[in-house]
Peer 1: 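First the structure, then my questions, so here it is.
Order of the sequence lines sets the chain letters (A, B, ...), proteins ahead of strands, with each chain counted from 1.
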Amino acid sequence: MKFVDEFRDPELGRTLAGEILATVQTGRHYKIMEVCGGHTHSIYKYGVDDLLPENVELVHGPGCPVCVIPMGRVDDAIAVAHEPGVIFTCFGDMMRVPGSDGTLLDAKADGADIRMVYSPLDALRIARSTPERQVVFFAIGFETTAPSTALTLKRAKTEGIENFSVFCNHVTIVPPLRALLESPDLRLDGFIGPGHVSTVVGARPLEFIPADYNLPVVVSGFEPVDILESVLMILRQLNVGDSKVENQYARVVPYEGNIRALEILAEVFELRPHFEWRGLGFISQSGLKLAEAYADFDAELRYAVPGVRVADPKACQCGEVLKGVIKPFECKVFGTACTPERPIGTCMVSSEGACAAYYNYGRFARDRELV
Amino acid sequence: MCLAIPGRVIEFVDESLRLACVDVAGVQRTINVSLVDTDERPAQIGDWVLIHVGFALSLVDEQEANETLTRLQAMGADYETELNELRESAIR
Ligand code: SF4
């Protein structure tokens, strides 16, 4: 238990680990998916999985927003960034995501005016102060981030800022989970529900998991003790044959979500019929685009976006990682051709990506030994 | 960009636009707090909030804020990157 001393409450960590040990049934294997990249990060950083009995396996899900952007959309972003007069803005992590012919960082080196911003409101500020240029914001993220883009668009509309537009790649959390549950590759026993996404959507949208698939879900905080407690809650449900949504993170996540944020999402966005996810393919009703009332701000209508679907590089196994089918180190290029400095796949780019988290916390060598 | 970092509301920059100055571990920047406003209780000076890409995402108590900060600081480089990105921010 070498990491427990770094826990906020090491004593509680040990107690929970003991209770988990006492709760698991021998001869039974438990496969629990943590949906959210933030959880993946905490698990590796604090060695949470080292505290679990051998028959409790944590697998990593599709909840890292950078990881799920398909190559074709990065190519589209680069095409827009090269349009004359455009200032293209994006979050720092997106700069390093590979498209089929390089990253946004490479495009910047080629002369495109690409700027990292902390917030969509910073992109809007740039538009306001450079009215002679067109400013495009590369919007990515789940329901956690989408309200920020929505509020920024509302403000742009109110202020009548005409040189601002959004290349929208927002996605929603429920459809990929349903797709995973329908996939024959993976047999899961329960979910550690996402933390930040749930502050917006609430725990209620996860109710389909117990209702339709008979599996427990526990919305969890990010402290290692939160994750241990959530695992324990899932195991207890499984042992008595129960399945329901529980909220371990009630101190931050209201069961009903953030009503104001949900209203703004409904006003500014509408669902696309389908959207492509890296490694997961097209998932219906999983992506957001700007609603009719905001069409003037839609970069996909303002520019000729190539919209070509590009297959992932052969060596890349991000799809399997995002589905929890393989562990990062099982990808053939992990740590060799694919590193955080020179990522091949998206899961190595963001610190929330399973491959980057694995790599950064030196889990690579030890896991190889185990194999 | 995936982190939600805790900060404390120290003053309103523009009440009607719901722009407030927050202090995040000594870094003071403007963010939008409208997502934590409710009809019963609008965001107030002194509130602790989790901040994501320039917006307060949820209201937390001081203990939760401190624990979150400690955990993020332990992340090292990733947290530093996030703070540096926040430092570059100049929301108006
Ligand atoms: S090691 Fe690289 S290519 Fe392989 S799954 Fe991870 S990110 Fe994708």
Peer 1: Side chain, backbone, both or neither: which part of A:Ile259 has a non-hydrogen atom closer than 4.5 Å to chain B?
Peer 2: neither
Peer 1: Please look at A:Thr144 and chain B and tell me whether the side chain, the backbone, both or neither of the residue comes under 4.5 angstrom of a heavy atom of that chain.
Peer 2: both
Peer 1: Quick one: what part of B:Thr38 sits under 4.5 Å from any heavy atom of chain A, side chain, backbone, both or neither?
Peer 2: backbone
Peer 1: Would you say B:Asn32 and B:Arg18 are linked by a side-chain donor-acceptor pair, where the criterion is simply a distance under 3.5 Å?
Peer 2: no
Peer 1: Answer with side chain, backbone, both or neither: which region of B:Ser89 has an atom nearer than 4.5 Å to a non-hydrogen atom of chain A?
Peer 2: both
Peer 1: Is any NZ, NE, NH1 or NH2 atom of the basic residue among B:Arg71 and B:Glu67 found under 4.0 Å from an Asp or Glu carboxylate oxygen of the other?
Peer 2: no
Peer 1: Between B:Arg8 and B:Gly46 (side chain of the first, backbone of the second, donor and acceptor by atom type, cut-off under 3.5 Å), is there such a pair?
Peer 2: yes
Peer 1: Which atoms of B:Asp61 come close to chain A, meaning under 4.5 Å heavy atom to heavy atom: side chain ones, backbone ones, both, or neither?
Peer 2: neither
Peer 1: If you tally heavy-atom pairs under 4.5 Å against chain B, which of A:Val200, A:Asn258, A:Thr158, A:Ile264 wins?
Peer 2: A:Asn258
Peer 1: Checking A:Lys45 side chain against B:Ala74 main chain: does a donor-acceptor pair fall under 3.5 Å?
Peer 2: yes
Peer 1: If we count only N and O atoms by modelled type, under 3.5 Å, do the side chains of A:His60 and A:Tyr44 hold a donor and an acceptor together?
Peer 2: yes
Peer 1: Side chain, backbone, both or neither: which part of B:Asn84 has an atom under 4.5 Å from a heavy atom of chain A?
Peer 2: neither
Peer 1: State whether a side-chain donor-acceptor pair under 3.5 Å links A:Asp226 with A:Ser220.
Peer 2: no
Peer 1: Where do A:Pro194 and A:Leu206 come nearest, in terms of heavy atoms and distance?
Peer 2: CD-CD1, 4.2 Å
Peer 1: What part of A:Val253 gets closer than 4.5 Å to chain B, counting heavy atoms only: side chain, backbone, both or neither?
Peer 2: neither
Peer 1: So for A:Phe142, is it side chain, backbone, both, or neither that comes closer than 4.5 Å to the heavy atoms of chain B?
Peer 2: neither
Peer 1: What part of B:Leu19 gets within 4.5 angstrom of chain A, counting heavy atoms only: side chain, backbone, both, or neither?
Peer 2: side chain
Peer 1: With a 4.0 Å cut-off, would you call A:Asp113 and A:Arg133 a salt bridge?
Peer 2: yes
Peer 1: Within the side chain of B:Gln73, is there an N or O that forms a donor-acceptor pair under 3.5 Å with the backbone of B:Tyr79?
Peer 2: no
Peer 1: Using heavy-atom distances under 4.5 Å, tell me whether B:Leu50 contacts chain A through its side chain, its backbone, both, or neither.
Peer 2: side chain
Peer 1: Given that the side chain runs from C-beta out, which part of A:Asp122 has a heavy atom under 4.5 Å from chain B: side chain, backbone, both or neither?
Peer 2: both
Peer 1: Does any backbone or side-chain atom of A:Ser148 lie under 4.5 Å from a heavy atom of chain B? Answer side chain, backbone, both or neither.
Peer 2: both
Peer 1: For the candidates B:Asp39, B:Leu86, B:Leu57, which exhibits the highest count of non-hydrogen atom pairs separated by less than 4.5 Å from chain A?
Peer 2: B:Leu86
Peer 1: Check each atom of A:Met94 against the heavy atoms of chain B and say whether the ones under 4.5 Å are side chain, backbone, both or neither.
Peer 2: neither
Peer 1: State, without any angle test, whether B:Asp14 and B:Ser16 hold a side-chain donor-acceptor pair at a distance under 3.5 Å.
Peer 2: yes
